[in-house]
Amino acid sequence: MAIRSFKYFREQAGTGVRKTVAVAAAQDAHTIEATLRAAQEGILDYVLVGQAREILDICKSLGYEARQGCVLNASSDEEAARIAVDLVRSGQADFLQKGLLQTAVLLKSVVDKESGISQGRAISHIALLEIPGYPKIVGITDGGMIPYPDLEEKETIVKNAVEMFHGFGYEKPMVAALGPAETVNPKIQETKDAAALKEMAAQGAFGQCYVEGPVSLDLAVNRESAQIKGYHSPISGQVDIFLVPNISCGNIMAKTLMEFAQAKMAGCVLGAKCPIALNSRSASFEEKYDSLMACAQMLTGGQRDDSFAEGGNSI
């Protein structure tokens with residue numbers, strides 16, 4: 001299968017078992033609008049954690065009435081993060097959404113050894129992009145968490161991303177470990193790492209997936225270019241996940257596609273016990289909404305639940 005646009009997430013997320021999102025520092029209009037829109041559409045339940053009075057005022061200004069008991073007060077961003085994480089840890093919520101707080105504050109609670117939801121492995125970011133002219137959604141990882149990942153960290157980054165795409169319903173995600181060329185150069189670490197990851201994938205280290213590397217971007221996305229250069233790989237023109245050498249490459253690649261190619265983006269953090277919908281505090285409603293949809297779809301895995309029904313004007 002291939003997911004061609006974020007519209008798929010919007011359509012499919014509502015057909016599965018409805019999940020609950022805990023929003024940390026929810027006092028942000030775009031975050032609240034994205035969450036309550038999803039709830040109104042029957043896709044999600046929610047708990048909004050943060051400055052309760054401000055949250056309720058924002059809900060009212062947007063024309064929504066939050067459900068009773070679904071707004072929890074927190075006196076600080078740190079407390080909001082702790083409460084949101086504890087809701088997941090205790091099973092009262094299924095995943096997290098970042099609101100109006102710094103990423104580091106939220107992740108500090110996520111990875112807390114005593115009260116967090118870490119799985120003991122590296123946490124990584126994936127930018128999901130809908131790019132005009134490319135036939136399907138792609139993931140770029142990691143452009144937001146690990147500055148200069150070593151081979152062990154790259155192994156975890158690939159595992160996290162492949163796990164997400166399996167959750168989307170992909171049987172065998174195509175992964176391109178990017179580099180400047182298709183040959184291993186002992187002076188260029190990312191080419192050596194890419195070759196090692198390809199071998200790991202062949203031995204089943206990541207489950208069902210195909211990892212190619214090292215491979216340059218043009219041959220990964222353009223089958224005609226690959227044919228001209230005599231490069232033969234099943235990933236050419238079919239890549240689902242781009243593994244980048246470092247955080248700068250990933251960040252620049254995603255933002256370039258957004259600014260120059262009008263790509264749409266959703267951002268998620270992977271590797272904890274649940275996915276985290278995580279965007280810039282200045283991100284649009286649409287970006288935050290699509291990030292919620294991606295996390296929900298990863299968790300529902302296509303399981304249908306036709307039992308829910310909306311009633312009244314509150315959501």
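All residue numbers in this chain count up from 1 along the given sequence.
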**Student:** Determine, step by step, whether Glu163 and Arg121 satisfy the salt bridge (charged side-chain N to carboxylate O under 4.0 Å, His left out) criterion, reporting the C-alpha distance in whole Å, the side-chain angles of both residues, the deciding distance to 0.1 Å, and the verdict.
**Tutor:** CA-CA 14 Å; Glu163 182 179 285; Arg121 68 191 196 193; 3.3 Å; yes
**Student:** Taking atom types as modelled, is there a side-chain donor on Thr35 or Gln97 under 3.5 Å from an acceptor on the other?
**Tutor:**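 Yes, side-chain donor-acceptor contact under 3.5 Å.
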**Student:** Which value, rounded to the nearest 0.5 Å, describes the distance between Asn279 atom CG and Ser291 atom OG?
**Tutor:** 3.5 Å
**Student:** Measure the CG-NZ distance between Leu278 and Lys288 for me, rounded to the nearest 0.5 Å.
**Tutor:** 9.5 Å
**Student:** Phe242 and Val269: same hydrophobic cluster, using ILVMFWY side-chain contacts below 4.5 Å?
**Tutor:** no
**Student:** Could you state whether Leu107 and Phe95 fall into the same hydrophobic cluster, counting links through intermediate Ile, Leu, Val, Met, Phe, Trp or Tyr residues with side-chain heavy atoms under 4.5 angstrom apart?
**Tutor:** yes
**Student:** Test Tyr231 against Val215 for side-chain contact (heavy atoms from CB on, under 4.5 Å), laying out the working first.
**Tutor:** CA-CA 10 Å; Tyr231 181 79; Val215 59; 3.7 Å; yes
**Student:** So does Ser282 get a backbone contact from the side chain of His30, meaning a donor-acceptor N/O pair under 3.5 Å?
**Tutor:** no
**Student:** Quick check: closest heavy atoms across Cys249 and Val244, and the distance to 0.1 Å?
**Tutor:**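 Residues Cys249 and Val244, closest heavy atoms: CB-CB, 4.1 Å.
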**Student:** Any sub-3.5 Å donor-acceptor pair from Arg223's side-chain atoms to Ser236's backbone N or O?
**Tutor:** yes
**Student:** May I ask you to decide if Glu79's main-chain N or O and Ser76's side chain share a donor-acceptor pair within less than 3.5 Å?
**Tutor:**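 Yes, Ser76 side chain to Glu79 backbone: donor-acceptor pair under 3.5 Å.
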**Student:** Mind checking whether Leu72 and Leu87 have side chains closer than 4.5 Å, heavy atoms only?
**Tutor:**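 They are in side-chain contact.
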**Student:** Could you walk me through whether Glu155 and Lys159 satisfy the salt bridge (charged side-chain N to carboxylate O under 4.0 Å, His left out) test, starting with their C-alpha distance in whole Å, then the side-chain angles of each, then the deciding distance to 0.1 Å, before giving a yes or no?
**Tutor:** CA-CA 6 Å; Glu155 182 180 357; Lys159 284 181 179 178; 3.8 Å; yes
**Student:** Quick one, Leu178 and Glu190 - any side-chain contact, counting heavy atoms below 4.5 Å?
**Tutor:** no
**Student:** Taking Gly50's backbone N and O only, do any of them form a donor-acceptor pair with Gln27's side chain (distance below 3.5 Å, no angle check)?
**Tutor:**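 Looks like no, no N/O pair under 3.5 Å.
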**Student:** Can any side-chain N or O of Glu212 pair as donor or acceptor with the backbone N or O of Ala176 at less than 3.5 Å?
**Tutor:** no
**Student:** Check this for me, if you would: do Lys264 and Glu286 make a salt bridge, where the nitrogen-to-carboxylate-oxygen distance has to be below 4.0 angstrom?
**Tutor:** yes
**Student:** Listing request: all side-chain hydrogen bond (donor to acceptor under 3.5 Å, both in side chains) pairs with a residue in residues 246-256, at least two apart in sequence or in separate chains.
**Tutor:**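 Of all non-adjacent pairs touching residues 246-256, those that pass side-chain hydrogen bond (donor to acceptor under 3.5 Å, both in side chains) are Asn251-Lys255.
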**Student:** Shortest non-hydrogen contact from Pro275 to Leu299?
**Tutor:**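 Where Pro275 meets Leu299 most closely, the heavy atoms are CD-CD2, 3.7 Å.
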**Student:** Considering all heavy atoms of both residues, which atom of Met145 and which atom of Ile247 are nearest to each other, and what is their separation?
**Tutor:**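 Smallest interatomic distance, heavy atoms only, reads N-CD1, 3.7 Å.
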**Student:** Pairing donors with acceptors under 3.5 angstrom, does anything connect the side chains of Thr103 and Lys98?
**Tutor:** yes
**Student:** What are the two closest non-hydrogen atoms of Thr156 and Ala122, and how far apart are they?
**Tutor:**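 Minimum heavy-atom separation between Thr156 and Ala122: CG2-O, 3.5 Å.
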**Student:** Could you walk me through whether Asp94 and Cys274 pass the side-chain contact (heavy atoms from CB on, under 4.5 Å) check?
**Tutor:** CA-CA 7 Å; Asp94 299 293; Cys274 70; over 6 Å; no
**Student:** A quick test of your reading: do over 12 heavy atoms of other residues, nucleotides or ligands sit less than 6.0 Å from CD of Gln102?
**Tutor:** no
**Student:** For Ser225 and Asp218, what are the C-alpha separation, side-chain angles and deciding distance, and is it a side-chain hydrogen bond (donor to acceptor under 3.5 Å, both in side chains)?
**Tutor:** CA-CA 7 Å; Ser225 295; Asp218 56 337; 5.3 Å; no
**Student:** Can you find a heavy atom in the side chain of Leu243 that is under 4.5 Å from one in the side chain of Asp193?
**Tutor:**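 In short, these two side chains do not touch, never coming nearer than 4.5 Å.
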**Student:** Distance check, rounded to the nearest 0.5 Å: Glu287 atom CD versus Phe6 atom CZ?
**Tutor:**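 The distance works out to 8.5 Å.
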**Student:** Is it the case that the side chain of Arg4 and the backbone of Ile137 share a donor-acceptor pair, with hydrogens and angles ignored and the cut-off at 3.5 Å?
**Tutor:** no
**Student:** Output yes when a side-chain donor or acceptor of Thr191 lies under 3.5 Å from a complementary backbone atom of Asn185, and no otherwise.
**Tutor:** yes
**Student:** Look at the side-chain heavy atoms of Ile, Leu, Val, Met, Phe, Trp and Tyr, link any pair under 4.5 Å apart, and say whether Leu44 and Ile276 land in one connected group.
**Tutor:** yes
**Student:** Report the C-alpha distance between Glu182 and Ser216 in whole Å, list the side-chain angles of each, state the deciding distance to 0.1 Å, and finish with yes or no for side-chain hydrogen bond (donor to acceptor under 3.5 Å, both in side chains).
**Tutor:** CA-CA 6 Å; Glu182 292 65 56; Ser216 60; 2.6 Å; yes
**Student:** Between the side chains of Ser90 and Gln92, is a donor N or O closer than 3.5 angstrom to an acceptor N or O?
**Tutor:**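 Their side chains do contain a donor-acceptor pair, which is all the 3.5 Å distance test asks for.
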**Student:** Can you list everything that forms a ring pair (Phe, Tyr, Trp, His ring centres under 6.0 Å) with Tyr170? Sequence neighbours excluded, please.
**Tutor:** Phe165
**Student:** Please test Val88 against Leu96 for side-chain contact (heavy atoms from CB on, under 4.5 Å), starting from the C-alpha separation and ending with a verdict.
**Tutor:** CA-CA 8 Å; Val88 172; Leu96 296 170; 3.7 Å; yes
**Student:** Might you work through the salt bridge (charged side-chain N to carboxylate O under 4.0 Å, His left out) test for Lys19 and Asp45, ending with a clear yes or no?
**Tutor:** CA-CA 6 Å; Lys19 300 298 182 181; Asp45 289 322; over 6 Å; no
**Student:** Sort and list the pairs that fulfil side-chain hydrogen bond (donor to acceptor under 3.5 Å, both in side chains) and have at least one residue in residues 131-143, not counting sequence neighbours.
**Tutor:**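 Listed once each, the pairs are Lys136-Asp240.
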**Student:** Are Leu100 and Ile32 in one and the same hydrophobic cluster, where Ile, Leu, Val, Met, Phe, Trp and Tyr link if side-chain heavy atoms are under 4.5 Å apart?
**Tutor:**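 Different hydrophobic clusters.
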**Student:** Return yes if a side-chain donor-acceptor contact under 3.5 Å exists between Asn73 and Arg53, otherwise no.
**Tutor:**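 No, Arg53 and Asn73 have no side-chain donor paired with an acceptor closer than 3.5 Å.
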**Student:** Side chains of Tyr289 and Glu41: is there a donor and an acceptor less than 3.5 Å apart?
**Tutor:**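 Note: Tyr289 and Glu41 side chains meet the donor-acceptor criterion.
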**Student:** Can you tell me how far CD of Glu11 sits from CD of Gln297, rounded to the nearest 0.5 angstrom?
**Tutor:**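 Spacing of CD (Gln297) from CD (Glu11) equals 11.0 Å.
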**Student:** Can you see which heavy atom on Ala195 is nearest to which on Pro214, and at what distance?
**Tutor:**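 That would be N-CD, 4.1 Å.
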**Student:** To the nearest 0.5 Å, how far apart are CD1 in Ile83 and CZ in Arg89?
**Tutor:** 15.0 Å
**Student:** Verify, without hydrogens or angle tests, whether Glu33 (side chain) and Phe285 (backbone) share a donor-acceptor contact under 3.5 angstrom.
**Tutor:** no
**Student:** Do Cys268 and His125 have side chains that approach each other closer than 4.5 Å (heavy atoms only, starting at C-beta)?
**Tutor:**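 No - every pair of side-chain heavy atoms lies 4.5 Å or more apart.
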**Student:** Hey, what do you get for CG (Leu36) to CD (Glu65), rounding to the nearest 0.5 Å?
**Tutor:** 11.0 Å
**Student:** What are the two closest heavy atoms between Ser124 and Ile157, and how far apart are they?
**Tutor:** CB-CG1, 3.8 Å
**Student:** Test Gln238 against Tyr210 for side-chain hydrogen bond (donor to acceptor under 3.5 Å, both in side chains), laying out the working first.
**Tutor:** CA-CA 11 Å; Gln238 298 296 323; Tyr210 189 95; over 6 Å; no
**Student:** Kindly work out whether a path of hydrophobic side-chain contacts (I/L/V/M/F/W/Y, heavy atoms less than 4.5 Å apart) joins Ile140 to Ile3.
**Tutor:**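 No.
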**Student:** Taking the ring of Phe9 and the ring of Phe168, is the distance between their centroids below 6.0 Å?
**Tutor:**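 Close enough - the centres of the two rings lie under 6.0 Å apart.
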**Student:** For a side-chain contact (heavy atoms from CB on, under 4.5 Å) check, start with the C-alpha distance between Leu101 and Glu78, then their side-chain angles and the critical distance, and finish with the verdict.
**Tutor:** CA-CA 9 Å; Leu101 78 171; Glu78 290 78 9; over 6 Å; no
**Student:** Does any donor atom in the side chain of Asp112 or Ser115 lie under 3.5 Å from an acceptor atom in the other side chain?
**Tutor:** yes
